[in-house]
Amino acid sequence: MSFRLFIYNALVNKQPGISYRYHKIHDKSHGLLKIWSWIYLLMLNFGYYILQLKYIGKNPKAEYYESKRLPVGKTESSIALKDKDYRSVKEMTEELLKYDVISFDMFDTLIFRPLSEPADVFFFVGEELGIPDFKSIRRKASASARHRKLLECGHTEVTLKEIWDEFEKITGTDSETGMRAELEAEKKLCYANPFMLEVWNAVKEKKKRIIVVSDMYVSSKDLGDILSSNGFTGAEKIYVSCEHGRNKAKGDLFKLVKKDLGDASVVHVGDNEISDGVNAKKNGFVICRYPQVRRNMLLYRPFDMSAITGSAYRGIVSNHIYNGLSKFSKEYEFGFIYGGLFALGYCNFIHEQAVKTKADKLFFLSRDGETLKKVYDSLFPSENTEYVYWSRRAALLLTADDNRYDYFRRFIFHKVNRGYSIDAILGSMDLGFLAEKIDSWKGIWEKTRESDDNKFIELKKSDELTDENASCLKRFIEYYWDEVMASYAPGNETAKKYFEEKKGDAKKILAIDIGWAGSGALSLSYLMERKWKMVCTVTGIVAGTNTIHNPEPDASESFIQSGKLISYMYSQRHNRDLLKMHDPNKDHNIYWELLLSSPEPAFAGFYADGLRYGKQDVSPDAANEIRKGITCFVNEYSERFKEYPFMFNISGRDAYAPMIIAMSRGGKYLKALAGKTGFEKNVV
């Protein structure tokens with residue numbers, strides 16, 4: 001081993017955290033930045049070995065669960081728009097019109113890629129060509145081509161052909177085939193920055209001279225094709241570094257442009273502080289900075305995701321929230337940033353299950369299913385879907401005679417010592433008519449007394465439900481069980497007719513819910529298949545199941561095992577880390593339900609006179625804004641990756657990842673959001 005390699009391994013490779021932080025600065029750096037990266041490397045080693053700052057040795061990507069300090073009081077978009085470099089379309093246009101020529105940077109200014117890093121385009125090229133580890137090999141080919149160019153010409157600006165000639169030498173892949181695949185991927189993925197498209201069209205309308213200046217290995221002709229296909233037409237000339245052997249990074253490309261333009265006044269718009277800022281200014285350009293849309297990615301976005309889905313998610317969010325065109329509401333950002341990927345992934349998962357099970361109808365259960373149905377219908381408009389009113393309370397009343405244990409457990413024993421009066425408990429069970437009979441409780445107790453009873457406990461309507469009198473209340477209700485069942489019978493008939501109509505001719509039905517024990521889908525399956533004897537099968541799909549933090553963590557495991565219930569994000573069978581992290585006691589269930597909140601009131605149940613509804617648990621305006629954010633993300637993602645169907649294979653673990661960030665630091669962000677929306681728990 002050479003001495004140089006020995007030193008490199010000792011300083012860089014020995015500790016993953018040091019290596020990660022060093023390469024983030026050093027890779028692709030030039031000039032002073034490269035010198036700074038070496039100084040930074042020494043500082044990292046000093047901090048780890050001398051100051052004993054052990055966190056430096058840990059790779060940030062290796063955190064078990066990421067934690068971010070999210071803005072609580074304000075939205076990300078509103079904070080960003082306060083930056084001095086942000087201008088409205090009108091303000092930027094007015095500024096640019098003062099000059100004879102307007103020069104634009106291309107990538108991350110005029111043109112976006114829906115990815116967190118430009119090089120992530122290589123994932124798509126590699127998949128098309130069938131070459132594993134393509135991204136790494138492509139980078140090596142680029143480095144080799146630049147080294148060769150430096151030796152031959154004294155600069156490192158290479159063309160796409162020169163890179164692919166090197167790639168062919170390394171791998172044997174035909175360079176022409178590879179070039180076509182890479183250009184095709186760029187053209188499929190690139191899209192217009194909506195903010196800059198408005199600026200471009202505004203200055204073009206005023207007959208201003210427009211040029212584009214870019215550091216890129218792709219020819220000006222191919223860049224022109226990308227620009228024009230995305231609405232940027234009318235450029236006088238495109239200056240690209242690979243065609244001139246000069247670049248913006250050193251500033252000499254600007255010198256050439258300035259020489260071509262003569263005495264004309266020129267303003268340059270770009271996002272890179274050095275290339276588009278300092279170097280342009282040095283060469284006589286006026287600077288109009290455009291902020292980097294990806295600048296807060298490390299600060300707020302999750303990185304513990306699969307490489308391609310994670311890149312797509314972060315790219316879509318950054319490009320949309322930070323392009324400067326709009327300021328969004330807190331609720332909209334919640335839906336777009338934390339709910340969009342989940343809704344898209346869950347709906348595609350549901351579709352896969354529908355195909356697999358040959359389902360001929362999908363029931364989206366209220367109210368969590370309302371947003372999901374809208375998303376699903378937009379993705380798969382030809383499928384047979386129904387939005388059906390259903391709730392845990394409705395299910396408990398309809399299955400009371402068949403599952404008395406769950407009926408009493410949820411209505412009574414889950415509510416002991418929580419401040420509920422006996423009168424309120426009876427009201428929640430639609431048994432208000434029994435309240436007047438409580439005075440006869442002592443006589444009933446004597447008649448139904450069991451051998452181990454040693455104490456009479458009095459019941460009064462105004463008494464609080466406690467662990468001492470809960471069993472007595474249960475026995476009291478059981479004494480009048482025939483009357484209880486008779487009171488529920490009209491609702492049962494209404495529900496049966498309702499679901500017969502919703503079912504239609506369907507034989508295989510999927511019932512979709514958010515979770516968690518799957519009781520909504522399972523109770524509906526029981527009623528339709530067994531109690532009402534309908535000719536059909538009902539399979540439940542939930543986003544997630546009960547976790548180890550639930551009182552009944554195994555409640556639905558037999559149905560998960562048999563396939564009667566299917567879970568998307570996690571279960572005891574997969575993504576067990578989420579099974580151990582997701583904690584209802586920390587309101588994790590509630591936050592997911594807030595994400596899918598409906599502007600409608602809660603569904604109370606079925607009655608002789610029809611369907612009834614309860615109270616509102618969230619502001620309708622807030623619910624609509626959250627839904628708007630979710631659907632906008634789905635639409636944006638779908639548009640950007642319409643040429644790549646495999647991009648819709650979003651795993652449940654990736655779908656949960658953004659919410660892990662929202663839940664971090666004690667869920668401060670989500671608590672503030674729930675308060676702002678007026679969200680109430682367990683409303684009926």
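Keep in mind that the numbers below use all heavy atoms, side chains included, and drop hydrogens, waters and symmetry copies.
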Enquirer: When the aromatic ring centroids of Phe499 and Trp390 are compared, is their separation below 6.0 Å?
Expert: yes

Enquirer: Less than 4.5 Å apart, any side-chain heavy atom of Gln572 and any of Ile560?
Expert: no

Enquirer: Taking the six-membered ring for Trp, is the centroid-to-centroid distance between Tyr376 and Phe364 below 6.0 Å?
Expert: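 Ring-ring flag for Tyr376/Phe364: true, centres closer than 6.0 Å.
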
Enquirer: Kindly check if the number of other-residue, nucleotide or ligand heavy atoms within 6.0 Å of CD (Glu501) is above 12?
Expert: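 No, not enclosed.
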
Enquirer: Kindly give the heavy-atom pair with the smallest separation between Ile226 and Ser229, and that separation in Å.
Expert: O-OG, 3.0 Å

Enquirer: List the residues meeting ring-ring contact (aromatic ring centres under 6.0 Å, His included) with Tyr669, not counting sequence neighbours, and say none if there are none.
Expert: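 Tyr338.
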
Enquirer: Distance-only, no hydrogens or angles: does the Ser523 side chain make a donor-acceptor pair with backbone N or O of Ser519 under 3.5 Å?
Expert: yes

Enquirer: In sequence, state the C-alpha distance, the side-chain angles, and the governing distance for Ser525 and Glu529, and then conclude on side chain to side chain donor-acceptor pair (under 3.5 Å).
Expert: CA-CA 6 Å; Ser525 170; Glu529 294 179 35; 2.9 Å; yes

Enquirer: Provide the closest heavy-atom pair for Gln616 versus Ser598 in the form atom of the first, atom of the second, distance.
Expert: NE2-O, 3.6 Å

Enquirer: Flag the pair Arg627 and Glu370 as a salt bridge only when some basic side-chain nitrogen lies within less than 4.0 angstrom of an acidic carboxylate oxygen.
Expert: yes

Enquirer: Mind telling me whether Trp516 and His582 have parallel, tilted or perpendicular rings, with 30° and 60° as the class edges?
Expert: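 The rings of His582 and Trp516 sit tilted, inter-plane angle from 30° to 60°.
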
Enquirer: Listed by chain and number, what are the ring-ring contact (aromatic ring centres under 6.0 Å, His included) partners of Phe342, not counting sequence neighbours?
Expert: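 With neighbours one apart ignored, the set is Tyr346, Trp592.
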
Enquirer: Regarding Asp505 and Lys361, does a basic nitrogen lie under 4.0 Å from an acidic carboxylate oxygen?
Expert: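 Salt bridge flag = no for Lys361 with Asp505.
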
Enquirer: Is Glu636 salt-bridged to Arg640, going by a charged N under 4.0 Å from an acidic O?
Expert: yes

Enquirer: Is Arg138 salt-bridged to Glu182, going by a charged N under 4.0 Å from an acidic O?
Expert: yes

Enquirer: With the threshold set at 4.0 Å, does a side-chain nitrogen-carboxylate oxygen contact exist between Glu186 and Arg113?
Expert: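 Salt bridge between Glu186 and Arg113, a charged N being under 4.0 Å from a carboxylate O: yes.
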
Enquirer: Do other residues, nucleotides or ligands put more than 12 heavy atoms under 6.0 Å from the NZ atom of Lys135?
Expert: yes

Enquirer: Between Lys676 and Glu331, does any NZ, NE, NH1 or NH2 come within less than 4.0 Å of an OD or OE carboxylate oxygen?
Expert: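 Salt bridge: yes.
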
Enquirer: Which residues pass the salt bridge (Lys or Arg N to Asp or Glu O under 4.0 Å) test with Lys502, sequence neighbours left out?
Expert: Glu386

Enquirer: Could you check, using the six-membered ring where one of them is a Trp, whether Tyr644 and Phe124 have ring centers closer than 6.0 angstrom?
Expert: yes

Enquirer: Please assess Asp360 against Lys507 for the test salt bridge (Lys or Arg N to Asp or Glu O under 4.0 Å), listing each intermediate value before the final yes or no.
Expert: CA-CA 7 Å; Asp360 45 13; Lys507 297 294 189 292; over 6 Å; no

Enquirer: Looking at Tyr389 versus Phe606, is the centre-to-centre ring distance below 6.0 Å?
Expert: no

Enquirer: Given Tyr637, which of Phe336, Phe648, Tyr191, Tyr313 fulfils the ring-ring contact (aromatic ring centres under 6.0 Å, His included) condition?
Expert: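 It is Phe648, the one option of Phe336, Phe648, Tyr191, Tyr313 that forms the ring-ring contact (aromatic ring centres under 6.0 Å, His included) with Tyr637.
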
Enquirer: Would you say the ring centroid of Phe328 lies under 6.0 angstrom from that of His320?
Expert: yes

